[in-house]
Enquirer: 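Below: one structure in structure tokens.
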Amino acid sequence: MQHVVVIGAGQAGASCVAKLRNGGFDGRITLIGAEPCPPYQRPPLSKGYLLGDMTLERLFLRPEAFYADQGITLKTDCRVTAIDPETHVLATTDGQIAYDELVLATGSVPRRLPEAIGGALDGVFTVRDLADVDAMAPRFVKGAKVLIVGGGYIGLEAAAVAAKLGLEVTLVEMADRILQRVAAPETSDYFRALHEGRGVTLREGVGLERLLGETHVTGARLSDGTEIAADFVITGVGIEPDVVLAAAAGIKIENGIKVDAQGRTNMPGIWAAGDCTSFPYRGGRIRLESVPNAIDQAEVVAENILGAGKEYVAKPWFWSDQYDVKLQIAGLNAGYDRVVSRLGDGSASFWYYLGDTLLAVDAANDPRGYMVGKRLIEAGKSPDPALVADPDTDLKALLKT
């Protein structure tokens with residue numbers, strides 16, 4: 001009887017084992033997770049869960065009983081320390097485990113501030129897993145001063161929660177503007193106005209020189225020489241693919257675990273899916289940090305373990321919730337040379353073009369703009385930018401052209 005082992009009990013790992021069983025696999029399945037709880041959703045951690053609007057059980061992707069009911073061995077609080085591709089044996093904190101097929105769904109790890117500038121002080125947090133959020137949650141009391149380092153989506157989501165709970169929020173971004181790495185100036189402008197309107201102090205174009213404090217953080221000195229007080233600090237300075245195990249086993253790494261279009265690594269019997277992987281995309285190679293990618297790629301890997309021979313074709317989309325604004329993003333905006341804006345009453349969408357080709361859409365409280373943009377991009381259609389810019393244009397009519 002074949003034994004499929006999946007390392008990483010996140011969105012990709014959970015999706016893979018469910019698809020294997022649903023697809024008719026009747027062999028043994030083991031899902032290994034380092035955390036002490038079943039697989040759960042990560043996006044609500046920094047939003048609904050931190051706000052207290054979502055319980056722990058509601059975070060779980062599936063009820064804990066699901067795994068036993070499906071004959072899936074779920075090993076929580078277990079770490080894999082080594083992979084031996086020759087013998088097909090894993091070394092874990094719970095003993096050795098042999099596998100026939102192995103799936104790496106190790107996800108990503110947050111970048112941390114260097115210890116030399118105070119990154120190891122008590123009161124400095126990242127937002128990645130349940131333990132991170134549980135540790136920082138007691139600090140979210142009205143009137144507390146929080147410093148957020150990094151103006152990407154994670155930092156802005158944390159700022160939104162803190163502001164809603166009545167904290168004094170300062171966010172510093174060393175780049176010229178928030179969201180500079182991932183969005184156009186128009187999208188940055190929209191969210192700058194949103195946050196400043198809620199009382200958040202944004203310091204753009206200013207870096208962090210160091211955090212202050214002996215054992216517990218008390219504030220920060222910025223690159224312009226100013227000092228600010230802080231009761232605690234949240235860092236949102238990006239994530240990196242978790243490739244330590246794979247690299248030590250001799251698996252090829254290229255901006256993540258390198259896989260082919262079907263999800264195979266260079267080692268026989270070893271596959272990978274989710275945040276930890278880079279894969280072929282439109283003649284190049286990309287890595288996507290998103291829930292939809294983790295689910296879809298993991299399910300394709302499961303199908304291919306069962307012999308489907310199916311190539312994964314990514315359809316990138318993302319979202320971010322801040323205050324009462326839902327940002328939905330379709331496509332990838334890399335290489336755009338102009339942005340077409342559509343502004344409504346409290347809503348906005350920004351359409352990215354390269355020449356006459358539509359690449360991506362950022363839609364803030366504009367579900368129709370998002371839906372139409374996503375369908376156009378996936379169909380390879382690019383409407384006339386002048387039509388998109390015209391507020392009288394019925395967006396749905398663009399799907400018929």
Enquirer: Step by step, work out the side chain to side chain donor-acceptor pair (under 3.5 Å) result for T215 and D122.
Expert: CA-CA 6 Å; T215 57; D122 181 48; over 6 Å; no
Enquirer: Are the side chains of V109 and I239 in contact, using a 4.5 Å heavy-atom criterion?
Expert: no
Enquirer: When rounded to the nearest 0.5 angstrom, what is the spacing between NZ in K164 and CG in L50?
Expert: 11.0 Å
Enquirer: Whether R198 and D324 form a salt bridge (side-chain N of Lys/Arg under 4.0 Å from carboxylate O of Asp/Glu) is what I want to check.
Expert: yes
Enquirer: Mind running side chain to side chain donor-acceptor pair (under 3.5 Å) on T277 and Q297 for me, showing each step along the way?
Expert: CA-CA 10 Å; T277 67; Q297 190 180 25; 3.1 Å; yes
Enquirer: With R342 as the cation and F350 as the aromatic partner, state whether NZ or CZ is under 6.0 Å from the six-membered ring centre and within 45° of the axis.
Expert: no
Enquirer: Just checking Y353 against Y336, ring centres under 6.0 Å apart?
Expert: no
Enquirer: Measuring from E101:CD to L20:CG, what's the distance to the nearest 0.5 Å?
Expert: 9.5 Å
Enquirer: So which atom in G71 and which in R21 form the shortest heavy-atom distance, rounded to 0.1 Å?
Expert: O-NH2, 2.9 Å
Enquirer: Output all residues satisfying side chain to side chain contact (heavy atoms under 4.5 Å, CB included) with N22, sequence neighbours left out; order by chain, then residue number.
Expert: none
Enquirer: Which is it for R177 and E204 under the salt bridge (Lys or Arg N to Asp or Glu O under 4.0 Å) test, yes or no, and what are the steps along the way?
Expert: CA-CA 5 Å; R177 57 182 174 85; E204 296 167 293; over 6 Å; no
Enquirer: With side chains defined as the heavy atoms from C-beta onward, is the minimum distance between V172 and L202 less than 4.5 Å?
Expert: no
Enquirer: Please report the shortest heavy-atom distance between L211 and G118, naming the atom on each side.
Expert: CD1-O, 3.5 Å
Enquirer: Do S382 and D356 have a side chain donor and acceptor closer than 3.5 Å?
Expert: no
Enquirer: In a table with atom names and distances, give each donor-acceptor pair under 3.5 Å that connects a side chain of residues 135-157 to protein atoms at least two apart or in another chain.
Expert:
| unit_1 | atom_1 | unit_2 | atom_2 | d |
| --- | --- | --- | --- | --- |
| R139 | NH1 | H216 | NE2 | 2.8 |
| E157 | OE1 | S46 | OG | 3.3 |
| E157 | OE1 | K47 | NZ | 3.1 |
| E157 | OE2 | S320 | OG | 2.7 |

Enquirer: Is any NZ, NE, NH1 or NH2 atom of the basic residue among R203 and E173 found under 4.0 Å from an Asp or Glu carboxylate oxygen of the other?
Expert: no
Enquirer: So, do F232 and L167 sit near enough that their side-chain heavy atoms are less than 4.5 Å apart?
Expert: yes
Enquirer: Any chance you could lay out the salt bridge (Lys or Arg N to Asp or Glu O under 4.0 Å) test for D100 and R28, step after step, and finish with the verdict?
Expert: CA-CA 10 Å; D100 294 297; R28 294 170 58 207; over 6 Å; no
Enquirer: Check whether any side-chain heavy atom of P241 sits under 4.5 Å from a side-chain heavy atom of R287, and report yes or no.
Expert: yes
Enquirer: Flag the pair Y99 / H88 as yes when their ring centroid distance falls below 6.0 Å, and as no otherwise.
Expert: yes
Enquirer: Side chains of W319 and I329, heavy atoms from C-beta outward: is any pair under 4.5 Å?
Expert: no
Enquirer: Let me see the working for D275 and R128 under salt bridge (Lys or Arg N to Asp or Glu O under 4.0 Å), right down to the final yes or no.
Expert: CA-CA 13 Å; D275 282 11; R128 188 58 187 166; 3.2 Å; yes
Enquirer: Taking C-beta and beyond as the side chain, do K374 and V361 meet within less than 4.5 Å on heavy atoms?
Expert: no
Enquirer: Is any side-chain heavy atom of L104 less than 4.5 Å from a side-chain heavy atom of L245?
Expert: no
Enquirer: Salt bridge (Lys or Arg N to Asp or Glu O under 4.0 Å), that's the test. Do K75 and E35 meet it? Break it down for me.
Expert: CA-CA 9 Å; K75 297 179 73 67; E35 294 184 70; over 6 Å; no
Enquirer: Measuring only between side-chain heavy atoms, which start at C-beta, is V133 closer than 4.5 Å to V127?
Expert: yes
Enquirer: Kindly state each residue pair satisfying ring-ring contact (aromatic ring centres under 6.0 Å, His included) with at least one member in residues 363-392, sequence neighbours excluded.
Expert: none
